[in-house]
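Notes to accompany the following structure.
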Amino acid sequence: MPFRPRYTGLIDKYRDRLPVRDDTRIISLGEGNTPLIRLSNIPRILGKEVDIYVKYEGLNPTGSFKDRGMTMAVTKAVEEGSKAIICASTGNTSAAAAAYASRAGITAFVLIPEGKIALGKLAQAMMHGAVVIQIRGNFDAGMELVKQVGKEAPVTIVNSINPYRLQGQKTAAFEILEELGGAPDFHCIPVGNAGNITAHWMGYSEYHEHGIVNDRPRMVGYQAAGSAPFMRGKMVDNPDTVATAIRIGHPQSWDKAWVVQKESNGWFDECTDAEILAAQKLLAEREGVFCEPASATSLAGAIKDIASGKIPAGSKIVCTLTGHGLKDPDTAIKQSTSPMLTVDATLSEVKAAILNNMAD
Ligand code: AN7
């Protein structure tokens, strides 16, 4: 029969590797199982013999990797009888929390930095019926408040300090290992709170320890230059970057991420906003893959390290694209240089517009 079983989300698929019981009610939107796309043009443009794959996490149900963690966190919150969840967020966590809470029939409270989250993410949180609390402060201030209020109100925190979040997110590494038949040489990933780099290392290590694969990648974490505590070696108090998703100065998984760097023999680096936007545009224009600015940090960093030889020729590289480009239409439109023509609705004008703009 040309049919295969319906894909029902990552908890069902990886049930035996996740902390759920047989009778647990799974809160899922069919997250996970995202495409691992092999780049076909960019390596040639770089002029290097490298094999680059992008893990397009923007194709999760709410448009970011956060769904992997949120399906676990909300499933466990409901199992434990919680009626409300709360998070601080630069946008994507709030979108995922709002969606999964609505599906579970519980309340989501989301704290976001006023004026500093991308429009699509705000639309999601509002549309899914979350209680949106804008704070006059940044993500780090919101995170502190969430930790405090979590002790005083009956709400479950679903930021990545909730251990179930990382459990869900580790499945991205499982998928990569299964598809490649082993580990890539390098895994490049954007770093904000450093939950995702930690979760990937957990996933890679789990398959390695169980003998399913016999190697692990070197983990390379890239930050935005204006928001790069791992490069400064200390917390940053006033982080800033066009990549608002990773506008985070006090990473919650600070210690864990340093362990990942050491164990994997990897490194951290930073990219300027200009480098991030250039990588976002390159991916969109040359590969047909649209990710949000924060996500492009992984490719922006990889491009630099490939150019310098730190990532050598012959390497197999996976770059995680954490969120969809549609999350942040403002930044995309602002940096686009594509022709936008307005003409009369006549055959002659439309024809002229086409003939004048044919590629050589
Ligand atoms: C697109 O939504 O922290 O290093 O509150 O949205 O695991 O924090 C978002 C983080 C990368 C960084 N790319 O991941 C939030 C939030 C995108 C993101 C990151 C985020 P971590």
Side-chain angles (χ1 to χ4, degrees), residues 34 36-39 42-43 46 48-57 65 68 160 166 169-225 228-233 246 251 253-271 275-276 279 283 291 294-322:
T34 55
L36 186 64
I37 303 168
R38 187 174 186 205
L39 298 188
I42 290 176
L46 299 178
K48 300 280 184 176
E49 289 292 320
V50 283
D51 210 5
I52 310 176
Y53 296 82
V54 292
K55 180 72 168 159
Y56 196 11
E57 291 286 274
F65 74 97
R68 291 184 187 273
S160 55
L166 300 192
Q169 286 171 215
K170 75 182 179 184
T171 60
F174 294 166
E175 291 175 13
I176 292 165
L177 292 172
E178 288 163 24
E179 282 197 48
L180 295 180
D185 300 305
F186 298 89
H187 187 124
C188 301
I189 190 163
V191 171
N193 275 307
N196 212 23
I197 193 171
T198 303
H200 275 78
W201 188 241
M202 283 166 54
Y204 281 127
S205 299
E206 191 170 324
Y207 268 24
H208 186 242
E209 276 156 27
H210 287 84
I212 300 167
V213 293
N214 48 29
D215 49 4
R216 295 185 291 180
R218 295 176 72 178
M219 300 297 297
V220 190
Y222 296 110
Q223 300 213 279
F230 285 100
M231 294 305 292
R232 307 292 164 263
I246 51 172
S253 294
W254 175 260
D255 294 337
K256 292 193 183 94
W258 283 114
V259 172
V260 172
Q261 181 265 316
K262 288 194 188 75
E263 283 186 4
S264 78
N265 194 21
W267 64 88
F268 294 107
D269 207 340
E270 62 193 300
C271 302
E275 289 168 337
I276 292 169
L283 259 178
C291 69
S295 310
T297 307
S298 60
L299 181 67
I303 288 173
K304 285 205 294 193
D305 284 333
I306 290 165
S308 74
K310 200 166 177 186
I311 295 178
S315 295
K316 187 182 286 187
I317 304 151
V318 170
C319 293
T320 297
L321 302 180
T322 43

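Residues: numbered from 1 along the sequence shown.
For the residue pair Val260 and Thr198, the shortest heavy atom distance occurs at CG2-CA, 3.9 Å. Taking each heavy atom of Leu283 and Cys291 in turn, the nearest pair found is CD1-SG, 3.9 Å. Here the shortest heavy-atom pairing between Asp185 and Gly314 reads OD2-O, 4.2 Å. Contact between Gly203 and Leu177 at its shortest, heavy atoms only, is O-CD1, 4.4 Å. The shortest heavy-atom contact between Val213 and Gly182 is CG1-CA, 4.0 Å.
Considering only heavy atoms from C-beta on, Leu166 comes within 4.5 Å of Ser160 through its side chain. Looking at heavy atoms from C-beta onward, Ser264 lies out of side-chain contact with Arg216 at the 4.5 angstrom threshold. Residues Ser295 and Tyr56 are not in side-chain contact: their nearest non-hydrogen atoms beyond the backbone lie 4.5 Å or more apart. Residues Asp305 and Trp267 form a side-chain contact, since some pair of their non-hydrogen atoms from C-beta on lies under 4.5 Å apart. Proximity of Pro184 to Tyr204: side-chain heavy atoms (C-beta onward) are separated by under 4.5 Å at one or more points. Residues Ile37 and Leu321 have side chains not in contact (no heavy-atom distance under 4.5 Å, counting atoms from C-beta outward). Using a 4.5 Å heavy-atom cutoff, the side chains of His187 and Ile176 are in contact. Pro251 places none of its side-chain heavy atoms less than 4.5 Å from the side chain of Val191.
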Next on the checklist: If you apply the rule side-chain contact (heavy atoms from CB on, under 4.5 Å), what do you find for Val54 with Leu39, and how did you get there?
Outcome noted: CA-CA 7 Å; Val54 292; Leu39 298 188; 3.9 Å; yes

Item to check | salt bridge (charged side-chain N to carboxylate O under 4.0 Å, His left out) between Glu270 and Arg232, intermediate numbers included | outcome: CA-CA 10 Å; Glu270 62 193 300; Arg232 307 292 164 263; 2.7 Å; yes

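Of the residues listed (Gln261, Lys262, Glu263, Lys256), the one engaging Val259 in a side chain to side chain contact (heavy atoms under 4.5 Å, CB included) is Glu263, and it is the only one.
By the side chain to side chain donor-acceptor pair (under 3.5 Å) test, Ser253 pairs with no residue at all, sequence neighbours left out. Taking the side-chain contact (heavy atoms from CB on, under 4.5 Å) definition, one finds that Glu175 meets it with Tyr7, Tyr14, Thr34, Lys55, Arg68, sequence neighbours left out.
With a 6.0 Å radius and a threshold of 12 heavy atoms from other residues, nucleotides or ligands, Glu49 has its CD atom at or below the threshold.
For the atom pair OH (Tyr222) and CD1 (Ile189), the distance works out to 11.5 Å, reported to the nearest 0.5 Å.
Ring pair Trp254/Phe230 is parallel by interplanar angle, where below 30° counts as parallel and above 60° as perpendicular.
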